[in-house]
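Have a look at the structure below before the remarks.
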Amino acid sequence: GDAGRLIDVVGRGVLDREVREALSKWVASLLASSGTKLRLLGLAIVREVAVEWPWTSVINMVDSPDVGPQAVEVLRERTGRDFGTDKKAWKRCVEEM
């Protein structure tokens, strides 16, 4: 409910630089969290909102048993590539973007 509303609001229109930077830092904190629900919320925001994200944080989650499949899916959607849980390959791919 609330997460969906948040994503809907930040996903609309153009966000100013300060808001994008704050959102990116906040999402990095969510992705680094130990809580599965918070990590999934971070991935949902990355998936839906057109802001430059901390891709290393997403890549670090690809081999996680609780959120790894979702992290790989987000990376696949954004890059059009599929490296499974190979962190080195994902890092090279993201660096080329």
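Counting from 1, the numbers follow the sequence of the chain as shown.
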[X] to [Y] - nearest heavy-atom pair and separation:
{"X": "Ser64", "Y": "Pro69", "result": "O-CD, 4.0 Å"}
{"X": "Leu43", "Y": "Met61", "result": "CD1-CE, 3.4 Å"}
{"X": "Val62", "Y": "Thr85", "result": "O-CG2, 3.3 Å"}

Could you grab the distance from atom CD1 of Ile45 to atom CG of Leu23, nearest 0.5 Å is fine?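 Reported to 0.5 Å precision, the distance equals 6.0 Å.
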Can you measure from CZ (Arg39) to OG (Ser57) and round to the nearest 0.5 angstrom? 10.0 Å
Salt bridge (charged side-chain N to carboxylate O under 4.0 Å, His left out) between Arg92 and Glu96, worked out: CA-CA 6 Å; Arg92 282 191 306 271; Glu96 295 171 1; over 6 Å; no
Contacts of [X] that satisfy side chain to side chain contact (heavy atoms under 4.5 Å, CB included) - sequence neighbours left out:
{"X": "Lys91", "answer": "Ile59, Asn60"}
{"X": "Ala32", "answer": "none"}
{"X": "Arg76", "answer": "Val72, Glu73, Asp82, Trp90"}

Trp55 vs Thr79, side-chain contact (heavy atoms from CB on, under 4.5 Å): CA-CA, chis, key distance, verdict: CA-CA 11 Å; Trp55 291 111; Thr79 65; over 6 Å; no
Quick one: side chain to side chain donor-acceptor pair (under 3.5 Å) pairs with a partner in residues 25-37, sequence neighbours left out? Thr36-Asp66
By salt bridge (charged side-chain N to carboxylate O under 4.0 Å, His left out), Arg47 pairs with (sequence neighbours left out) Glu77
For Asp63, check salt bridge (charged side-chain N to carboxylate O under 4.0 Å, His left out) against everything at least two apart and list the hits.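 For Asp63 the salt bridge (charged side-chain N to carboxylate O under 4.0 Å, His left out) partners, ignoring immediate neighbours, are Lys87.
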